[in-house]
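Read the structure below first, then the notes.
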2 protein chains.
Amino acid sequence: MANQPKSKHIPCATIQRLATYVQVLENFSRDNVEVISSNPLAEACGVNGSQVRKDLAYFGEFGIRGVGYHVKSLIAAITSSLGVDREWRMALIGVGNLGKAILNHGEFRARGFNIVAIFDCDPFKIGEIVHGLEVHCTRDLKDMVSDLNIEIGIITTPPERAQRAAQHLMDAGITSILNFAPARIKVPERINVEYVDFFHHLYALAFNHPMTR
Amino acid sequence: MANQPKSKHIPCATIQRLATYVQVLENFSRDNVEVISSNPLAEACGVNGSQVRKDLAYFGEFGIRGVGYHVKSLIAAITSSLGVDREWRMALIGVGNLGKAILNHGEFRARGFNIVAIFDCDPFKIGEIVHGLEVHCTRDLKDMVSDLNIEIGIITTPPERAQRAAQHLMDAGITSILNFAPARIKVPERINVEYVDFFHHLYALAFNHPMTR
DNA sequence: TGCTGTGAAGTGCTTCACAGCG
DNA sequence: CGCTGTGAAGCACTTCACAGCA
């Protein structure tokens, strides 16, 4: 159905939006919408219709002129283009409150993002079982990463230990890191880091709040 | 110390970076760095030096030529410019796993973002005490928002109930919403919504992973 | 006819380069 | 002399407008 992907540079803003499209398309699919055109999809995502068409065009021609996009095939096309239509195995470092909350979340597994090993440097936590996984010493990280084919690392340590956690992950050959710790980490160019920080969002809300202006 | 702010349009990319600057500056301050110039600060934040200077210039002249920025005053200047140097009172809707994790997080309160009321539409949860707060029926939201001076709403419901939660918040006069539910919500122009979605970040990591390219 | 896919135009953010000041 | 603050240049993303196809 899709042609071969256009080999241009793809803006990272496009990648972010594709994730939104999948989310919204899944809701349409749940409501038994079978076909959708770019404008209503764009409106549901809070963007412009051309934007949607251009974003999709980076990966192929998924639509039917005069009709629109078939919802289910479009979901399949996007997830396949992003590489999220397969299992991804992840390790988590820092089994505190936040780490436990993420382990309990469950939605990760449902989407193919499996946390298969958890680590902490606190000797009192090592050996504890959390959500069916034994807490390991960070020293074991390297061996377990290769044994378990882990590709993504999640950091949920306090900020002062985030850099060391990142170093452990990189030493183990991990190149993709999701960082929940409220700290920037220093990494070489080739390592991908995504930051999740609630306060960034709260700061934006506070700044844009009517009273503040 | 600061001149009056320049009254230009401020890019929202700037606001996001300011949050990062605060985070990084606080780390420098913890390490007893007293003065920093734009280039090392920029490097720690992963951006360009001019960018830092231009971002700060939107709000005033905080630096000393030939010297740099005084770390503590700069933190104060930024937090004051963003309006995050005061208490913000928040309501949370959806006391499930994620909601409870956020209530337990504690870091919110430390930064002046206080969750002062929690709501759920499940009758079995109403009356339950979670982290010192009684779970209320969403019907009580309007009264409690005005009684408790709540300005920000947090949505942690399942996706299918996110829109209704947003409606409750808007009916109560809330104009700032932090949405953790994996769903887009439809709101009028004047309402500010920030989305927190872990999967958006995981999708980006998956797409940029070496094996995928 | 209606909607996609896409070059061209428009817009806004980022980087450069340097004047200006401590 | 060094670093800030800032106009101007550069670059990247977004939007427009329409050709092209079902």
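The chains referred to below are lettered A, B, ... by the order of the sequence lines, with proteins before strands, and numbering in each begins at 1. Remember, it's a predicted structure, so these values are computed and weren't measured experimentally.
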[X] has a side chain; which of [options] sits nearest to it?
X: A/Ala13; options: D/dT14, C/dT6, D/dC21; result: D/dT14
X: B/Asn48; options: C/dT15, C/dG20, C/dG2; result: C/dT15
X: B/Ile64; options: D/dT15, C/dT14, C/dG22; result: C/dG22
X: A/Tyr69; options: C/dT4, D/dT14, C/dT6; result: C/dT4

Practice task
Just say parallel, tilted or perpendicular for the rings of A/Phe108 and B/Phe198, cut-offs at 30° and 60°.
Solution key: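 Parallel: the ring planes of A/Phe108 and B/Phe198 meet at under 30°.
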Practice task
Look at the aromatic rings of A/Phe119 and A/His136 and report parallel, tilted or perpendicular, splitting at 30° and 60°.
Solution key: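 It falls in the tilted class, 30° to 60°.
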Practice task
Classify the side chain of B/Lys54 and the base of C/dT14 as holding, or not holding, a donor-acceptor pair under 3.5 Å.
Solution key: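 Absent.
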Problem - A/Arg17 side-chain N/O to D/dT14 phosphate OP1/OP2 under 4.0 Å - result: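 For D/dT14, OP1/OP2 do have a side-chain N/O of A/Arg17 under 4.0 Å.
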Practice task
Would you please confirm or rule out a distance under 4.0 Å between OP1 or OP2 of C/dT14 and any side-chain N or O of B/Ser50?
Solution key: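 No, B/Ser50 has no side-chain N/O under 4.0 Å of OP1/OP2 on C/dT14.
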Exercise for the section: Look at all strands and tell whether B/Ser37 reaches a base, only sugar-phosphate, or nothing, counting heavy atoms closer than 4.0 Å. Expected result: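 Sugar-phosphate: the residue B/Ser37, judged by heavy atoms under 4.0 Å, touches backbone atoms but no base.
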Problem - Touch class at under 4.0 angstrom, heavy-atom based, for A/Ser38 against every strand present - result: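 Sugar-phosphate, backbone atoms only, no base.
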Send over the distance from [X] [atom1] to [N] [atom2], rounded to a whole Å.
X: B/Arg65; N: C/dC18; atom1: CZ; atom2: P; result: 17 Å
X: A/Leu74; N: C/dT4; atom1: CG; atom2: P; result: 11 Å
X: A/Ile10; N: D/dC13; atom1: CD1; atom2: P; result: 11 Å
X: B/Leu41; N: D/dG2; atom1: CG; atom2: C1'; result: 17 Å
X: B/Asn39; N: D/dC3; atom1: CG; atom2: C1'; result: 9 Å
X: A/Glu61; N: D/dA22; atom1: CD; atom2: P; result: 10 Å
X: B/His70; N: D/dT4; atom1: NE2; atom2: C1'; result: 17 Å
X: B/Arg53; N: D/dC3; atom1: CZ; atom2: C1'; result: 7 Å

Problem - B/Glu26 atom CD: more than 12 heavy-atom contacts under 6.0 Å - result: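 More than 12 heavy atoms, drawn from other residues, nucleotides or ligands, come within 6.0 Å of this atom.
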Problem - Toward the 5' end of DNA chain D, by each residue's nearest nucleotide, B/Gly68 or A/Gln51 - result: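 Comparing both residues, the 5'-ward one is B/Gly68.
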Problem - Residue met sooner reading DNA chain D from 5', once A/Gly66 and B/Val67 are mapped to nucleotides - result: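 Its nucleotide being nearer the 5' end, the pick is B/Val67.
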Practice task
State whether the side chain of A/Arg89 and the backbone N or O of A/Leu148 hold a donor-acceptor pair below 3.5 Å, judged by distance alone.
Solution key: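 At least one qualifying donor-acceptor pair exists.
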Handout entry: Partner of B/Phe207 by side chain to side chain contact (heavy atoms under 4.5 Å, CB included), out of A/Leu18, A/Asn192, A/Ile10, A/Val84
Key =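 The passing option is A/Ile10.
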